[in-house]
Amino acid sequence: MFKSDETIDIVIIDNLEKAPMMEERLFYVRGDATDEETLLRANLPRAKGFIIFADQITQDNYATKDPLLVDGKTLLVATAITSIEEKTKTSIHVTAEVINQKHIRLFERVKAD
């Protein structure tokens, strides 16, 4: 992404103790991506786009492997973004990684690709 647009900044949101990597134009916000306050600290209303990666850690922490848990968390993040879009009257392109293909239709309601 850095190479495709030299003016772009990237913000990573996660609950890790410290940033997973340090780069110029890369920022880290520690917190829950479903939380409005965290998304606002990440300056979401000024974002051109938002990519939600499936949280494999959620999947790995349960004895019963259930892609519903992973996709459910992804959908919560997408819904939180949609909520902020509505409040701030902004439009943010959201791309979401979905584990179970039959869940894709549910992401259309939150305008996520």
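Just so you know, residue 1 is the first one in the sequence shown, and it goes up from there.
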Same hydrophobic cluster for [X] and [Y], using side-chain heavy-atom links shorter than 4.5 Å among ILVMFWY?
| X | Y | value |
| --- | --- | --- |
| Ile52 | Leu16 | no |
| Leu75 | Val98 | yes |
| Leu68 | Ile104 | no |
| Leu39 | Phe27 | yes |

Would you compute the distance between atom [atom1] of [X] and atom [atom2] of [Y] and round it to the nearest 0.5 angstrom?
| X | Y | atom1 | atom2 | result |
| --- | --- | --- | --- | --- |
| Asp55 | Asp71 | CG | CG | 11.0 Å |
| Glu24 | Asp9 | CD | CG | 9.5 Å |
| Leu106 | His103 | CG | NE2 | 6.5 Å |

One thing to verify: whether Arg30 and Glu17 come together as a salt bridge, which I'm taking to mean a side-chain N less than 4.0 angstrom from a carboxylate O. yes
Indicate the atoms forming the closest heavy-atom contact of [X] with [Y], along with that distance.
| X | Y | value |
| --- | --- | --- |
| Ile13 | Gly31 | CG2-O, 3.7 Å |
| Ala78 | Val110 | CB-CG2, 3.6 Å |
| Pro45 | Ile84 | CG-CG2, 4.2 Å |

Indicate yes or no for a side-chain donor-acceptor contact from [X] to the backbone of [Y] under 3.5 Å, with no hydrogens or angles considered.
| X | Y | result |
| --- | --- | --- |
| Thr38 | Ala33 | no |
| Glu85 | Ile92 | yes |
| Tyr28 | Asp14 | yes |
| Arg109 | Thr79 | no |
| Thr74 | Val70 | yes |
| Arg25 | Ile10 | no |

Given Leu26 and Ile12, is the side chain to side chain contact (heavy atoms under 4.5 Å, CB included) satisfied, shown in steps? CA-CA 8 Å; Leu26 178 69; Ile12 296 174; 3.7 Å; yes
Considering the options Val11, Thr95, Val77, which one meets the side chain to side chain contact (heavy atoms under 4.5 Å, CB included) requirement together with Phe50? Val77
Are the side chains of Lys48 and Asp5 in contact, using a 4.5 Å heavy-atom criterion? yes
I'd like to check Lys87 versus Glu36 (side-chain heavy atoms, cut-off strictly below 4.5 Å). Are they in contact? yes
